[in-house]
2 protein chains.
Amino acid sequence: MTNSTPPRRKRPDGSGPAHDDGGAGVAVDSTRDEEGVRHFVERFALTLSNLGFPRMSARVLGTLMVAVEPGLTAGQIGQRLGVSAAAVSGAVRYLVQVGMVAREPVPGSRSDRYRLPDDPWYLAGAAKSGVYKRVADLVQEGVVVVGDETSPSGARLAEMRDFMLFIQDSLVDILDRWERTRTP
Amino acid sequence: MTNSTPPRRKRPDGSGPAHDDGGAGVAVDSTRDEEGVRHFVERFALTLSNLGFPRMSARVLGTLMVAVEPGLTAGQIGQRLGVSAAAVSGAVRYLVQVGMVAREPVPGSRSDRYRLPDDPWYLAGAAKSGVYKRVADLVQEGVVVVGDETSPSGARLAEMRDFMLFIQDSLVDILDRWERTRTP
DNA sequence: CATACACTTCACTAATTTGTGAAACGACAG
DNA sequence: CTGTCGTTTCACAAATTAGTGAAGTGTATG
């Protein structure tokens with residue numbers, strides 16, 4: 001089991017207006033069920049982390065997905081998630097590295113803003129990154145070491161390799177089609 | 001930075017007359033580079049575990065993939081990997097549960113034999129399991145909680161949902177096509 | 001040029017995951 | 001029925017991963 005109750009955050013700094021709009025202090029659409037949103041972000045993150053995604057990065061991704069704003073600063077993210085700035089820093093570093101989040105400087109401020117790229121992150125995740133291709137290459141090494149593509153193990157591995165290549169190619173086509181349906 | 005040393009147990013060196021097919025006395029193709037095969041299994045497992053797969057299960061899967069035999073007993077698997085029987089037991093339980101490995105009794109023995117299903121395991125992993133569909137459903141919940149499909153966050157989530165559904169459907173088609181090319 | 005704020009890095013603690021040995025279990029051989 | 005051997009379960013130890021507070025770094029502002 002994972003932490004079901006996010007760490008309680010204390011409210012630092014007394015500066016600024018003294019009223020509380022429910023926690024985030026920013027752009028809260030009053031019609032929106034912030035409690036539900038927060039819960040969704042947790043489930044979203046949990047699912048992604050089951051797929052091998054770093055947990056905190058998944059949380060950050062979720063936070064950006066549900067944000068009304070087009071982008072958030074690291075500070076805002078940490079505040080909304082109730083985690084330390086350090087945690088956000090690490091999570092964001094990873095996300096930027098794999099191209100799932102873009103960082104852009106904010107004009108009159110020292111903080112950068114993070115936002116989801118125009119090409120949504122899952123496009124990168126799905127095929128551009130070429131996971132299937134990489135697996136195919138790996139399995140090909142297997143074919144080589146067992147030496148004989150006609151042996152039982154050789155045949156098994158070769159079939160897997162072919163399958164992965166097939167999927168990779170098909171996926172590229174699919175992405176193409178998706179983009180066409182989206183941008184006529 | 002993951003484990004750089006494969007499970008060390010017995011088996012000191014890797015070259016030489018190492019004719020250890022230990023008591024199991026099994027189908028070692030003398031032309032085959034067993035050292036290389038073992039190394040491949042480790043890399044294979046590492047890759048899968050990066051994709052969120054339990055590590056030992058990935059090792060077992062790899063072992064079955066490279067085996068000359070059509071199936072192996074738990075004992076054989078443990079021996080080849082140099083891990084405890086308990087570890088194999090747990091790994092195999094998971095694999096059977098998700099349908100990536102089939103268990104079949106061995107006639108004149110108390111041990112079962114595990115083998116890869118006729119429908120290769122990655123077919124199950126790729127689409128049948130419906131990961132994309134599940135993500136789509138999850139994201140749909142997000143659309144609901146943010147309340148408005150036209151808000152920035154609502155639109156983002158809705159697009160992701162559509163994408164996941166699109167991929168799921170396409171993948172089903174692709175699998176179809178794959179199976180047709182394989183069985184004319 | 002000095003200050004303050006926002007982010008980053010670092011060393012450490014907490015929590016989760018992974019794997020082990022030993023005991024319990026169950027099916028087949030006698 | 002009883003003994004044996006392979007498998008499974010269990011409680012615990014080791015290793016990995018996550019997240020924190022505090023100190024460090026850099027930049028826009030006074």
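The chains referred to below are lettered A, B, ... by the order of the sequence lines, with proteins before strands, and numbering in each begins at 1. From a predicted model like this one, the values you see are computed outputs, not experimental measurements.
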Among [options], find the nucleotide with the atom closest to the side chain of [X].
X        : options                : value
A:Ala87  : C:dT8, C:dT20, D:dG19  : D:dG19
A:Ser111 : C:dA6, D:dT8, C:dG19   : C:dA6
A:Arg59  : D:dG19, C:dG19, D:dT20 : D:dG19
A:Ala86  : D:dT7, D:dG21, C:dA22  : D:dG21
B:Arg55  : D:dT9, C:dT8, C:dG19   : C:dG19

Spacing of [X] atom [atom1] relative to [N] atom [atom2], expressed in whole Å:
X        : N      : atom1 : atom2 : value
B:Phe53  : C:dT17 : CZ    : C1'   : 16 Å
B:Arg93  : D:dG6  : CZ    : P     : 21 Å
A:Tyr94  : D:dG19 : OH    : C1'   : 18 Å
B:Asp112 : D:dC5  : CG    : P     : 19 Å
A:Arg103 : C:dA6  : CZ    : C1'   : 12 Å
A:Met56  : D:dT20 : CE    : C1'   : 10 Å
A:Ile77  : C:dT8  : CD1   : P     : 10 Å
A:Leu46  : D:dA18 : CG    : P     : 13 Å

Worksheet item: Can you tell me if the side-chain N/O atoms of B:Ser84 get under 4.0 Å from OP1 or OP2 in C:dT20?
Response: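 Yes.
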
Practice prompt. List the atom of A:Arg115, the atom of A:Pro70, and the distance in Å for their closest heavy-atom pair.
Written response: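 Closest pair (atom of A:Arg115, atom of A:Pro70, distance): CB-O, 3.1 Å.
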
Worksheet item: What's the shortest heavy-atom distance between A:Ala136 and A:Arg161, and which atoms?
Response: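 Heavy atoms of A:Ala136 and A:Arg161 come nearest at O-CG, 3.8 Å.
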
Discussion item. Working to the nearest 0.5 angstrom, can you tell me the gap between A:Lys133 NZ and A:Leu138 CG?
Written reply: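 A:Lys133 NZ to A:Leu138 CG: 11.5 Å, rounded to 0.5 Å.
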
Worksheet item: What does B:Ala74 touch in the nucleic acid at a heavy-atom separation under 4.0 angstrom: a base, only the sugar-phosphate, or nothing?
Response: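 Contact class for B:Ala74: sugar-phosphate only.
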
Discussion item. Classify the ring geometry of B:Phe53 against B:Tyr94: parallel below 30°, tilted from 30° to 60°, perpendicular beyond 60°.
Written reply: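 It falls in the perpendicular class, over 60°.
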
Item to complete: Determine whether A:Glu69 and A:Arg113 make a side-chain contact, defined as any pair of heavy atoms from C-beta on separated by less than 4.5 Å.
Response: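 With C-beta onward as the side chain, the pair stays apart.
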
